[in-house]
Number of protein chains: 2
Amino acid sequence: MPSTSGTGSTGRRHRVREEALAEILRTGRRLLVEEGPSAVTLRAIAREMGMTAPALYRYYAGHRDLIQALTSHLYDELAAALTEARERHPADEPGRRLREVCRELRRWALAHPREFGLLFAKPVTDADTAPGSAAHDPSWRFGAVLLGLMVELWRRGGVRPPTGLDPSWIAQLEEVREHLAGEPVPLEVIYVFVACWARLYGAVAVEVFGHLDFALTDPEPLFEQTLRDIMAALGEGAALPSEPRSCA
Amino acid sequence: MPSTSGTGSTGRRHRVREEALAEILRTGRRLLVEEGPSAVTLRAIAREMGMTAPALYRYYAGHRDLIQALTSHLYDELAAALTEARERHPADEPGRRLREVCRELRRWALAHPREFGLLFAKPVTDADTAPGSAAHDPSWRFGAVLLGLMVELWRRGGVRPPTGLDPSWIAQLEEVREHLAGEPVPLEVIYVFVACWARLYGAVAVEVFGHLDFALTDPEPLFEQTLRDIMAALGEGAALPSEPRSCA
DNA sequence: AGGATGTTGTTAACACCGTTTACTTTCGGC
DNA sequence: GCCGAAAGTAAACGGTGTTAACAACATCCT
């Protein structure tokens, strides 16, 4: 029964193509996980799918584009995992939500080290990131989860912005605020976002990349300590089960 | 005039071989810097040197070994740069020395992003690092500079170790202390070393890998803020030109 | 129904890569 | 002056990304 409905079979065509695109990415990811980044190759993917390599050029412009599509997909998956972790806790406790999202980031990275490496171990992306340009879609869908929580935290007065902001810095942050395309976020919040993101990235990356293996067999306590520090820097130290920490 | 001296010309032979080894690494590094990591290839190196690829097997067991030798060499160069930065300041100000060493690490990483990427962007070294084993020669010669300064800082009472150490953590740190092969370093110092190294690595890596490009055109103020935090966490906040910071 | 059209896949080929094998050349040591 | 080890070469194998020419097929229009 061809041409059953009015939409024509062009929709089916499109759907079958989407499925092929997805299967290519799925196969590439499986190779990445099972045999490492150097194994995710056009010919290997095609081989696994029972095809030949040039056929993949009907779907991706080349190896580079395929990897980029895989990267983008993984950013989305990570963002979804973080969002899910956020939704597991009440909205009126943004501090707790943020802490759990940070833990989920670490959990995801440790559960998918190869994927994390693909996303975050790129020494230089060769000027594909303009300094102020928005619509950094791939990595931004993921960063927005963290920024959103910090904004919420700030709105409730939980964020303690730093006192002395470098003047030359303010101009840069202004620029970022323009491209946020949402509510007006104060510069101080953007500052704490960037600072905390840098710290969180370091804490996770240093562990996933194995730079702690020489010293620690179980780096979780160190991460928890770092997480406490981050939350304390956000003025959210009192939200922990323990009592507010003294100054000394 | 062969065999001029008693040592024979086998010394010359050895020296010429050493020079070849060095030139291979030099060429590989040049390719790394000028054309990226994927360009440092056996055939390309040989081509640049006016040879053929199999000749390199007389010097390195293969591509993997060559990259590892290059990595090791770069670790040494980084360690030398840090040591030099340390020696530029008086030995009785370990806090200042440590701060300048951290700045030098960032400077070196920004000046040599490709090299830094080769050293520190390896998602997983595939179990070539046993958790407690010492003699991690390549990366340790470099880490030892930081650890040494922290030990010195501690010896002068500048380090404020954390109060509550996780019990399960102590066992791990004990193990590290065994393999330090020097003076007996207290666990607390090893803790602050690991914690500060994690933070320093994060601050530098997040910048070099371009994960801040979307927000900042000049991340230096952020790094300086991070550096102040690190020094403060070490109890060295008072050593800054500014007066001791209040609690609030 | 039937041809025009465009999508999807194939094979063949090119250039590059790491690596191995067999062979030649060169040079130091006796 | 000869011998043996070291250094370098060419040829080859299988792997890679990529392109070009070509076959098969579904879709669409008349």
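Each chain gets a letter, A, B and so on, in the order the sequences are listed, and its residues count up from 1. Nothing here was measured: the structure is a model prediction, and the numbers come from that model.
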Exercise. Can you check whether A/Tyr59 has a side-chain N or O nearer than 4.0 Å to OP1 or OP2 of C/dG9?
Worked result: yes

Problem set entry | Distance in angstrom units between B/Met49 CE and D/dA7 P, rounded | 12 Å

For this session: Could you label the plane-to-plane angle of the B/Phe209 and B/Phe116 rings as parallel, tilted or perpendicular, counting under 30° as parallel and over 60° as perpendicular?
Result: tilted

Exercise. Just by distance, do the side chain of A/His63 and the backbone of A/Val40 share a donor-acceptor pair under 3.5 Å?
Worked result: yes

Exercise. Which nucleotide in the list C/dC16, C/dT10, C/dG18 gets nearest to the side chain of B/Thr41?
Worked result: C/dG18

Exercise. Could you walk me through whether A/Arg141 and A/Ser72 pass the side-chain hydrogen bond (donor to acceptor under 3.5 Å, both in side chains) check?
Worked result: CA-CA 10 Å; A/Arg141 285 188 295 267; A/Ser72 192; 3.1 Å; yes

Exercise. Rounded to the nearest Å, what distance is computed from the CG atom of residue A/Asp65 to the C1' atom of nucleotide D/dT18?
Worked result: 13 Å

Exercise. B/Tyr57 has an atom OH; how far is it from atom C1' of D/dA11, in whole Å?
Worked result: 15 Å

Seminar exercise, completed: Taken to the nearest whole Å, OH/B/Tyr60 to C1'/C/dG18 is 17 Å

Exercise. Which listed nucleotide (C/dG9, C/dC17, D/dT18) is nearest to the side chain of A/Arg58?
Worked result: C/dG9

For this session: Kindly state whether the ring of A/Tyr75 and the ring of A/Trp108 have centres lying under 6.0 angstrom apart.
Result: no

Exercise. Between D/dA11, C/dT8, D/dT16, which nucleotide gets closest to the side-chain atoms of A/Arg47?
Worked result: D/dT16

Exercise. When you check the phosphate oxygens OP1 and OP2 of D/dG8, does a side-chain N or O of B/Thr52 lie under 4.0 Å from one of them?
Worked result: no

For this session: Between A/Leu42 and B/Gly50, name the one whose nearest nucleotide on DNA chain D is closer to the 5' end.
Result: B/Gly50

Exercise. Rounded to whole angstrom units, what separation is found between the CD1 atom of A/Ile45 and the P atom of D/dT16?
Worked result: 11 Å

For this session: Look at the side chain of A/Arg43 against the base of D/dG15 and say whether a donor-acceptor pair falls under 3.5 Å; ignore hydrogens and angles.
Result: no

For this session: Looking only at side-chain atoms of A/Arg17, point me to the closest of C/dT8, C/dG18, D/dA20.
Result: C/dT8

For this session: Please report, rounded to the nearest Å, how far the P atom of C/dC17 is from the NE2 atom of A/His63.
Result: 16 Å

